[in-house]
Engineer: 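Can you keep this structure in mind? I'll have questions shortly.
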Amino acid sequence: MSEFTIEQARTFYDWFGRRQDWQSFYENPALQMLVEHGAFGDTHRVIEFGCGTGRLAERLLRDCLPAEATYLGVDISRTMVGLAKARLQPWSARAEVRLTDGSAALGEHGGSADRFVSTYVFDLLSATRIEQVLNEAHRVLAREGLLCLVSATHGHGVVGRMVCGVWDGVHALSPWLVGGCRPIELPDYLHSDWRILYLDSVSRCGITSQVLIASPQGSD
Ligand SMILES: C[S@@+](CC[C@H](N)C(=O)[O-])C[C@H]1O[C@@H](n2cnc3c(N)ncnc32)[C@H](O)[C@@H]1O
């Protein structure tokens with residue numbers, strides 16, 4: 001599989017910018033499932049890896065998080081960080097958006113977050129990078145914290161399988177054409193240090209999304 005490098009991801013999403021929100025036609029049902037099952041009303045600190053335009057963060061801060069809860073979003077794209085900062089301006093006292101170099105390291109204290117969220121990001125990362133991000137999520141999450149993920153995944157039925165076949169083919173040809181994204185199976189990346197609490201999928205227009213919520217095991 002050809003890898004979508006960090007430099008390619010940065011260049012692509014700097015260019016793609018607010019077009020990312022046009023994907024809401026297939027993303028919204030999965031994000032709704034994540035919000036419903038992520039128990040966000042019971043949080044103190046949320047960290048989002050690859051926050052994009054800040055669309056989910058806005059929803060969480062406006063509708064779901066307790067008034068005192070804080071939010072940190074990180075992203076590799078300067079354009080995305082600019083869009084997210086502008087969007088989250090009404091919550092600037094408790095919402096921070098940081099530009100990162102693409103590495104998984106967040107520089108946050110261990111056990112300091114109770115939700116680690118990442119939506120439609122793992123599907124553009126290499127297996128090695130996913131493992132690094134999961135290790136960092138495990139480190140920063142409190143014992144009772146939750147990992148909350150959404151990703152593009154393999155579809156079922158004739159249409160779902162056809163879309164995936166074309167998608168995989170285009171990705172193999174040039175990851176750039178699909179923003180680096182390809183269908184993946186999130187549980188394949190979670191080892192025994194996670195306990196999966198919720199796993200479901202939803203399809204829109206032949207594009208299938210997987211929603212996964214897990215708790216860290218064995219953290220003190
Ligand atoms: C497909 S977009 C999804 C954005 C948002 N999470 C959403 O659901 O709309 C992927 C995002 O991940 C960011 N990204 C890609 N690789 C990253 C990395 N290594 N570290 C942090 N952000 C990354 C991109 O800049 C982009 O904003």
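One-based numbering, in listed order, for ligands and for the atoms of each. The analysis underlying the following values was restricted to heavy atoms, covering all of them including side chains, and did not include hydrogens, waters or symmetry mates.
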Engineer: Looking just at side-chain N and O atoms, do Gln32 and Arg59 make a donor-acceptor pair shorter than 3.5 Å?
Structural biologist: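 There is such a pair (donor and acceptor under 3.5 Å, judged by atom type) between the side chains of Gln32 and Arg59.
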Engineer: Does Arg45 come within less than 4.0 Å of Glu108, counting only side-chain N to carboxylate O?
Structural biologist: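 A salt bridge is present here (some side-chain N lies under 4.0 Å from a carboxylate O).
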Engineer: For the pair Asp114 and Arg143, find out whether any cationic side-chain nitrogen is under 4.0 Å from an anionic carboxylate oxygen.
Structural biologist: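 Between Arg143 and Asp114 there is no salt bridge, as every charged N stays at least 4.0 Å from the carboxylate O atoms.
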Engineer: I'd like to know if Glu48 and Arg115 make a salt bridge, using a cut-off of under 4.0 Å between side-chain N and carboxylate O.
Structural biologist: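 No, no charged N to carboxylate O under 4.0 Å.
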Engineer: Any salt bridge linking Glu131 with Arg129? Criterion: basic side-chain nitrogen under 4.0 Å from a carboxylate oxygen.
Structural biologist: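 Looking at Glu131 and Arg129, the cut-off is not met.
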Engineer: Evaluate His154 against Glu185 for side chain to side chain donor-acceptor pair (under 3.5 Å), listing each step before the verdict.
Structural biologist: CA-CA 7 Å; His154 298 97; Glu185 297 296 323; 2.8 Å; yes
Engineer: For ligand 1, list every N/O pair with the protein closer than 3.5 Å, one pair per line with the distance.
Structural biologist:
{"residue": "ligand 1", "atom": "6 (N)", "partner": "Gly50", "partner atom": "O", "Å": "2.7"}
{"residue": "ligand 1", "atom": "6 (N)", "partner": "Thr119", "partner atom": "O", "Å": "2.8"}
{"residue": "ligand 1", "atom": "6 (N)", "partner": "Thr119", "partner atom": "OG1", "Å": "3.2"}
{"residue": "ligand 1", "atom": "8 (O)", "partner": "Thr119", "partner atom": "O", "Å": "3.2"}
{"residue": "ligand 1", "atom": "8 (O)", "partner": "Thr119", "partner atom": "OG1", "Å": "2.7"}
{"residue": "ligand 1", "atom": "19 (N)", "partner": "Gly102", "partner atom": "O", "Å": "3.1"}
{"residue": "ligand 1", "atom": "22 (N)", "partner": "Ile76", "partner atom": "N", "Å": "3.3"}
{"residue": "ligand 1", "atom": "25 (O)", "partner": "Asp75", "partner atom": "OD1", "Å": "2.5"}
{"residue": "ligand 1", "atom": "27 (O)", "partner": "Asp75", "partner atom": "OD1", "Å": "3.3"}
{"residue": "ligand 1", "atom": "27 (O)", "partner": "Asp75", "partner atom": "OD2", "Å": "2.7"}

